[in-house]
Amino acid sequence: MRIDVVTIFPDYLAALDLSLVGKARRRGLLDLRVHDLREWTTDRHRTVDDTPFGGGAGMVMRPDVWGRALDEVLGDGADAEPDEAPGATLILPTPSGEVFTQRHAEELASAEQLVFACGRYEGIDARVAEHYRSTGLDVRELSIGDYVLNGGEVAALVMIEAIGRLVPGMVGNPESLVEESHGAAGLLEYPVYTKPPRWQDLEIPEVLLSGHHARIERWRRDQALRRTAARRPEMIAALDGEALDKHDAAL
Ligand code: 6GU
């Protein structure tokens, strides 16, 4: 997979040299490139923004600078064969976007190229999204949650980590991908424990020492259901009836 990030703060993305994402880069599974938007400015001051038409506070990022940057960065990803794997997807991190979920991560993990256009100030001129959509490109305006950040860089980091860990070969143990919160079960993960068996006067649940696989599975499912009901009741409401077994219903 190729990932490009265009930003006026390339240093924000330094964290992508670390952890699983960094390892995937070094192993050649992930071709990740970070670009400074100012490379595509043409004036002495390297201006990327201007005042909003219609008035109001703050500054808006200029479409001409973004257009030159994105035309170049989209490059070879933009002309993938229609019957092949999906080609380039342009992601515009914005608090006004659709909320990014594990479903988006799963879908985007099979893209050939992802290009993140990180806006600052009051955002990017709306014609940028409109223009690239009109060229037939897959354009996603995505938010990482209901709060406001100063720019798209941290949101891009979040999405790249969530997507990157689903790229085949990136996670050491593929089993850890299936049994996780926000996975297929539609439930939060059950609590986990390790050694020592007694710590700060706290013992681990006895069932986990029983060696009784079926009982352990039942306990974990109960815990996941209780935890989800308490913390994320809307996820319980969204479960389809067939996802619940007889024992679940009794909880
Ligand atoms: Cl994607 N960008 C900004 N600036 N703020 C956000 C966000 C994105 N998602 C949540 N808040």
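In each ligand, atom 1 is the first atom listed, and ligand 1 is the first ligand listed.
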Self-check item: side-chain contact (heavy atoms from CB on, under 4.5 Å) partners for R26, two or more places apart
Solution: K23

Who's the nearest protein heavy-atom neighbour of [atom], and how far?
atom                    : value
atom 3 (C) of ligand 1  : P95 CD, 3.3 Å
atom 5 (N) of ligand 1  : L149 N, 3.0 Å
atom 1 (Cl) of ligand 1 : T94 N, 3.0 Å
atom 10 (C) of ligand 1 : G145 O, 3.1 Å

Quiz prompt | Distance-only side-chain donor-acceptor flag, H35 / E72, under 3.5 Å | solution = no

Quiz item: Taking atom types as modelled and ignoring hydrogens, do the side chains of T94 and E141 form a donor-acceptor contact shorter than 3.5 angstrom?
Solution: no

Practice problem: Taking salt bridge (charged side-chain N to carboxylate O under 4.0 Å, His left out) as the test, write out the residues that go with D71, two or more places apart. | Solution: none

Which of the numbered atoms in ligand 1 are below 4.0 angstrom from a heavy atom of [X]?
X    : answer
P93  : 1 (Cl)
A155 : 1 (Cl), 8 (C)
S143 : 1 (Cl), 9 (N), 10 (C)
G151 : 2 (N), 3 (C), 4 (N)
L142 : 1 (Cl)
I144 : 9 (N), 10 (C)

Quiz prompt | Taking every non-hydrogen atom, the tightest pair across A109 and V167 | solution = O-CG2, 4.1 Å

Quiz item: Does atom CD of E234 have more than 12 heavy-atom neighbours from other groups under 6.0 Å away?
Solution: yes

Self-check item: N150 atom CG, neighbour heavy-atom count above 12 within 6.0 Å
Solution: no

Quiz item: Less than 3.5 Å between some nitrogen or oxygen of Y147 and one of ligand 1, yes or no?
Solution: yes

Quiz item: So does E153 pair up with R120, basic N to acidic O under 4.0 Å?
Solution: yes

